Amino acid sequence: MIEMLIPFLQWFLTCTLLYTASLVVYRLKFHHAAHIPGPFLAKLTFLYGWYYDLYLDGQYAFKIKELHKIYGPIIRIDPDTVHINDPDYFEVVHNQKNGRQVKPPHIAEMFGPYPALLGTASHELHRIRRTALNPFFSRKSVMDLVPTIQRPTAILCKRLEHASLTGETLNLKYIFPAVTLDIINAYCFAREPTTVLEPDFGKKETDNVATLLKVSLLNTHIPWLMRFTYSLPDRVSKILTPAVAKILDFRKELSYQVEAIRNGQDTAYRTATHRTVFHELLDSKLPPDELDPARLRDEAFSLVTAGSDTTAHVLRGTTYHISANPTIRQQLFNELKAAIPDPNNLPSLPELEKLPYLSAVIHEGLRLTNPVTHRLVRQFPDKAFEYQGYMLPPNTTIGMSPNLVHFNEDKFPEPHVFKPERWLGPDAARLQRYLISFSRGPRGCLGINLARAELFIILATVFRQFEFNVSAVVRSRDIDLSRDFILGAVAVDSPGTLVKVKLAG
Ligand code: HEM
């Protein structure tokens with residue numbers, strides 16, 4: 001029996017060796033990125049990135065920074081991807097004029113093989129989905145949402161006031177996602193605030209998103225594994241990969257909500273004071289495929305996750321930096337006290353946006369605590385790029401990382417220091433070009449107007465009334481991002497951001 005297998009094994013081994021040898025020669029000599037500098041192993045095999053991201057737990061983003069120091073501003077970080085670190089080149093790549101923009105499938109499917117806007121690889125389909133969602137996130141639509149942002153914020157303030165009396169310790173890791181989750185749930189489904197009322201501020205929901213993000217990094221490296229897992233019946237994949245169980249339950253819960261609107265069981269949108277995304281989408285003229293239950297379930301999942309944790313992350317980091325710098329906190333408080341004589345009567349959003357110090361604090365918060373740590377990766381079928389003499393033909397996979405721009409010492413001297421002043425000097429207008437937390441171009445953040453409105457309203461409301469004692473927070477452990485799980489994560493032994501609160505004055 002064994003003898004019969006030997007010729008087959010020999011044949012299999014020869015084919016494997018031939019295939020591997022030709023792949024090596026192709027990647028090193030004939031690949032369109034063969035001329036780009038970079039570590040030999042990264043050019044040769046994807047295992048190089050796996051080692052840093054999967055074995056060392058989200059470290060490749062940090063290693064890429066070091067590789068740029070060795071190999072220069074353009075490097076090859078895996079057999080297919082070129083990474084550029086040049087603040088002035090971000091806008092050359094990410095703008096509206098470079099024709100079609102495609103996301104490579106392993107990047108598009110990082111949150112799972114979901115047919116949502118964020119996970120759409122094809123340019124054409126992306127345009128259909130984006131056109132349908134854009135109107136909900138325009139400046140005008142967001143202006144109408146101000147009371148919806150204020151409601152959970154007011155509830156948070158009541159709880160902060162209570163904590164200031166009892167001396168209770170609060171975890172900023174949970175209180176801000178509770179508010180942003182309630183806002184996006186209200187907008188998507190006309191739901192009343194609930195998370196911000198929960199005793200633990202909906203800890204479970206925030207922890208579920210953290211699990212999703214860790215799994216997402218795995219997806220970018222081994223997309224077929226997740227595709228396979230999701231193709232199984234839910235109960236089987238829950239047993240095989242318990243990490244996805246919570247994600248599957250969360251998707252199912254969102255699906256019930258969308259379907260309840262579709263079949264008329266949920267009519268809360270009729271009494272809501274604002275538009276309701278899923279009611280209007282269901283009522284729209286989108287092609288039937290786009291309104292399919294699985295498609296809308298996944299769009300809901302994407303909007304709710306992308307729309308809550310990102311902004312909450314900036315709120316948490318910015319709150320820490322304001323509180324850790326008494327002079328900054330006092331200057332912000334002075335400005336807010338003058339602009340908001342009655343804390344229960346907030347000025348309009350445009351008035352808040354005109355406050356120079358608040359704006360500077362928010363810009364600096366977005367720069368220093370930028371949540372999306374993963375490289376933004378695109379292909380351009382209609383456009384070749386030339387960078388410092390290196391030709392990048394159409395369809396080259398190009399990655400760029402906002403954090404490398406935000407921590408560039410030429411553009412932002414002392415980049416790790418929280419300095420709102422840099423946004424107040426004569427250079428401020430020029431610096432805006434390098435603030436790219438929301439990315440740019442046709443695939444830039446859909447929710448930028450909503451996120452900015454939340455930052456202005458929540459920070460103004462909270463810092464007008466409260467101050468935080470952050471002496472128990474260790475910045476390197478609890479605030480600075482030390483792992484890249486698409487969004488940045490803090491150290492594994494961090495207890496969160498534990499603070500005491502008192503009334504400001
Ligand atoms: C401070 C808060 C936020 C930051 C820093 C941020 C950042 C980003 C970035 C960098 C991207 C591009 C991702 C990529 O290229 O793969 C993006 C896309 C996206 N963001 Fe945000 N985001 C924030 C808040 C929000 C909010 C509140 C929403 C609300 C729905 C949202 C929804 C989305 C969606 C749907 C996309 C995909 C857009 C597309 O592919 O066309 N984001 N965001």
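Note that the structure is predicted; figures quoted are calculated from it, not measured. Both counts, for ligands and for their atoms, begin at 1 and track the order of listing.
A centroid separation of less than 6.0 Å is found between the aromatic rings of Phe137 and Tyr187. Between Phe46 and His221, the distance from one ring center to the other does not fall under 6.0 angstrom. Taking the six-membered ring wherever Trp is involved, the centroid distance between the rings of Phe201 and Tyr174 does not fall below 6.0 Å.
The number of heavy-atom neighbours closer than 6.0 Å to CZ of Arg378, taken from other residues, nucleotides and ligands shown, is above 12. For Glu124, the CD atom is densely surrounded, since the number of other residues' heavy atoms within 6.0 Å is greater than 12. Counting non-hydrogen atoms of other residues, nucleotides and ligands closer than 6.0 Å to CD of Glu386 gives a total above 12.
Taking 4.0 Å as the cut-off between side-chain N and carboxylate O, Arg329 and Glu467 count as a salt-bridged pair. Comment: Arg130 does not engage Glu290 in a salt bridge, judged by the lack of any side-chain N to carboxylate O separation of less than 4.0 angstrom. Using a cutoff of 4.0 Å between basic side-chain nitrogens and carboxylate oxygens, Arg251 and Asp298 are scored as salt-bridged.
At a 4.0 Å heavy-atom cut-off, ligand 1 does not touch Arg127 at all. Contact annotation for His313 and ligand 1: no heavy atom of the residue comes within less than 4.0 Å of the ligand.
When each atom of ligand 1 is checked for a heavy atom of Arg130 under 4.0 Å away, the hits are 38 (C), 39 (C), 41 (O). Those atoms of ligand 1 with a heavy atom of Thr311 less than 4.0 angstrom away are 1 (C), 2 (C), 24 (C), 27 (C). Within ligand 1, counting atoms from 1 as listed, the ones closer than 4.0 Å to a heavy atom of Val314 are 1 (C). Interface of His126 with ligand 1, defined as ligand atoms under 4.0 Å from a residue heavy atom, comprises 39 (C), 40 (O), 41 (O). Atoms of ligand 1 found under 4.0 Å from any heavy atom of Pro371 (numbered from 1 in listed order, with element): 5 (C).
When atom types are taken as modelled, the side chain of Thr373 and the backbone of Gly488 share a donor-acceptor pair closer than 3.5 angstrom.
The nearest heavy-atom contact from the protein to atom 13 (C) of ligand 1 is Leu376 CD2, 4.0 Å. For atom 36 (C) of ligand 1, the closest heavy atom belonging to the protein is Leu118 CD1, 3.8 Å. The nearest heavy-atom contact from the protein to atom 7 (C) of ligand 1 is Ser437 O, 3.4 Å. Residue, atom and distance of the protein heavy atom nearest to atom 12 (C) of ligand 1 are Arg443 O, 3.8 Å.
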Yes or no on salt bridge (charged side-chain N to carboxylate O under 4.0 Å, His left out) for Asp53 and Lys63, after CA distance, side-chain angles and deciding distance?
CA-CA 10 Å; Asp53 265 351; Lys63 178 70 184 173; over 6 Å; no
Test ring-ring contact (aromatic ring centres under 6.0 Å, His included) on Phe189 and Phe278; report intermediate values, then the result.
CA-CA 6 Å; Phe189 306 111; Phe278 282 90; 5.4 Å; yes
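Contact annotation: Gly444 has at least one heavy atom less than 4.0 Å from an atom of ligand 1. Residue-ligand proximity: Lys103 is placed with a non-hydrogen atom under 4.0 Å from ligand 1. Within the structure, ligand 1 lacks His374 among the residues with a heavy atom less than 4.0 angstrom away.
Between Arg378 and ligand 1, a contact under 3.5 Å exists for at least one N or O pair.
Listed by chain and number, the protein N, O or S atoms at a distance under 2.8 Å from atom 21 (Fe) of ligand 1 are Cys445 SG.
Residues Thr81 and Arg76 are not in side-chain contact: their nearest non-hydrogen atoms beyond the backbone lie 4.5 Å or more apart.
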